[in-house]
Protein chains: 2
Amino acid sequence: MFEGDEMHFVASVVTGAARLSRTLPDGRLQMLGLLLPSDFIGRPGRDKVAYDVEAIQDVTLCCFRRKPFEQMVETTPHIGQRLLAMSLDELDVAREWMMLLGRKTAREKITCLLALIGQRIATLHLQPVTDGLSFEMPISREAMGEYLGLTIETVSRQMTALRKDGIIEVKGSRSITIPDLADLMAETGDDTDGGMLI
Amino acid sequence: MFEGDEMHFVASVVTGAARLSRTLPDGRLQMLGLLLPSDFIGRPGRDKVAYDVEAIQDVTLCCFRRKPFEQMVETTPHIGQRLLAMSLDELDVAREWMMLLGRKTAREKITCLLALIGQRIATLHLQPVTDGLSFEMPISREAMGEYLGLTIETVSRQMTALRKDGIIEVKGSRSITIPDLADLMAETGDDTDGGMLI
DNA sequence: CGGCAGTTTGACCAACATCAAGTTGGGTGG
DNA sequence: CCACCCAACTTGATGTTGGTCAAACTGCCG
């Protein structure tokens, strides 16, 4: 679906993954969010799509016609509360990303993304998040750039630099190992200790 | 309030203005949002402040203890629906800003901000948004930079460039006139026509 | 063995940041 | 009333980062 399209339904992602993005008239593209199982597309009270939505894997959706769904939200408080909690979480993610896009260097952006994806994949597979963490990057260099506000060349160069610095190990172009998680986190620009004082 | 503080209440802004921001350990700061009258601070179901919140003018808040408020949200569906609509709007704003931070040039960032502030001030004063629009910048060059992910010097240089190009007229450092709104919009990088095809 | 998409690398360049002076204008104290 | 002070802003010189353009390289598939 593309920005401005009429949207006659809302939906919940059941399987697969999709992404939200927006494109400027001259073609510059920024990815705005990732839709994973349980995430919600569309919103009560708005009939146009606000951003481009594209599947990045085969996706199964659970769709509801918009009007009946809006009624259901009004009559079933619990649904509204759930939607509120989800949209507040998305807001946190979006703001975290604003910090990254506005102020972080290319190297910090890349390490943030690697840490994020590594942790999420490990958690998904019920693996501990420790040194030696190993995973497949689910997205291309191009998609990394679109996510981070960088060009593909800069992404590639930073990956090479991180490899040469021993922060990551790379096999092929997608297989990543993180020998020392603390080393990676130290490059993200964030608090390493979760923000605790002393 | 600062990131990580315990928050025993939620609040609605009645008068004045505040801003949301986050700071990296080394001091880099990114503004994440603006709180104006009717905006909401805090959230049901979360007891820590997620971002720094600072008043930028004298502010009056309407505060509610968090626990009773959470109960009220559960028992009064209409409140939850209103909060949902507000947080979805904030999400749109945040994502619009991600596009700006990730992909726009300094000149585009500045013109976007000027257009945004000009239009909001005009609307607030019930003035038509037309050529010759004139207003006072409510924020300093530094704050503009924090909002746009730029340094103060770059902000200043771009303002000078826009003045020399006749896109804006400047009196003192805060008073702005926009002789031709279309000229300004043409510099934002966005669709000038609101995205309509033909 | 091509052909091709995805990736890497190199050379060069533009945009923005950084560092360092100025400049302006409003407020204060002599 | 004037001199000076200070914060906010502007301007200049220079440095870095990341973008751009172009050319290889890789691995996979037909």
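Quick note on labels: first sequence line is chain A, next is B, and so on, each numbered from 1. As a basis for the values below, the full set of heavy atoms in this structure was taken, side chains included, without hydrogen atoms, waters or symmetry mates.
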Looking at every non-hydrogen atom in both residues, tell me the closest pair between B/R95 and A/L32 and how far apart they are.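 Answer, listing the atom of B/R95 first, then A/L32: O-CD2, 3.4 Å.
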Testing the basics here: between B/A161 and B/R107, what is the closest heavy-atom pair and its distance to 0.1 Å?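 The answer is CB-NH1, 4.2 Å.
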Look at the side-chain N and O atoms of B/T105 and state whether any lies under 4.0 Å from the OP1 or OP2 oxygen of C/dA15.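 Result: no.
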Is any side-chain N or O of A/T154 closer than 4.0 Å to OP1 or OP2 of D/dG19? yes
Classify the side chain of B/R157 and the base of D/dG12 as holding, or not holding, a donor-acceptor pair under 3.5 Å.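 Counting by modelled atom types and ignoring angles, a donor-acceptor contact under 3.5 Å is found here.
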Assess the side chains of A/T188 and A/T111: does a donor N or O sit below 3.5 Å from an acceptor N or O? no
Once you apply a heavy-atom cut-off of 4.0 Å, does [X] come out as touching a base, just sugar-phosphate, or nothing?
X: A/S140; result: sugar-phosphate
X: B/G149; result: sugar-phosphate
X: B/R174; result: sugar-phosphate
X: A/S156; result: base

Please state how far atom [atom1] in [X] lies from atom [atom2] in [N], giving the value in whole angstrom units.
X: A/E153; N: C/dC13; atom1: CD; atom2: C1'; result: 13 Å
X: B/Q30; N: C/dA17; atom1: CD; atom2: P; result: 12 Å
X: A/L148; N: D/dT17; atom1: CG; atom2: P; result: 18 Å

Hey, is A/R66 close enough to A/E70 for a salt bridge, meaning N to O under 4.0 Å? yes
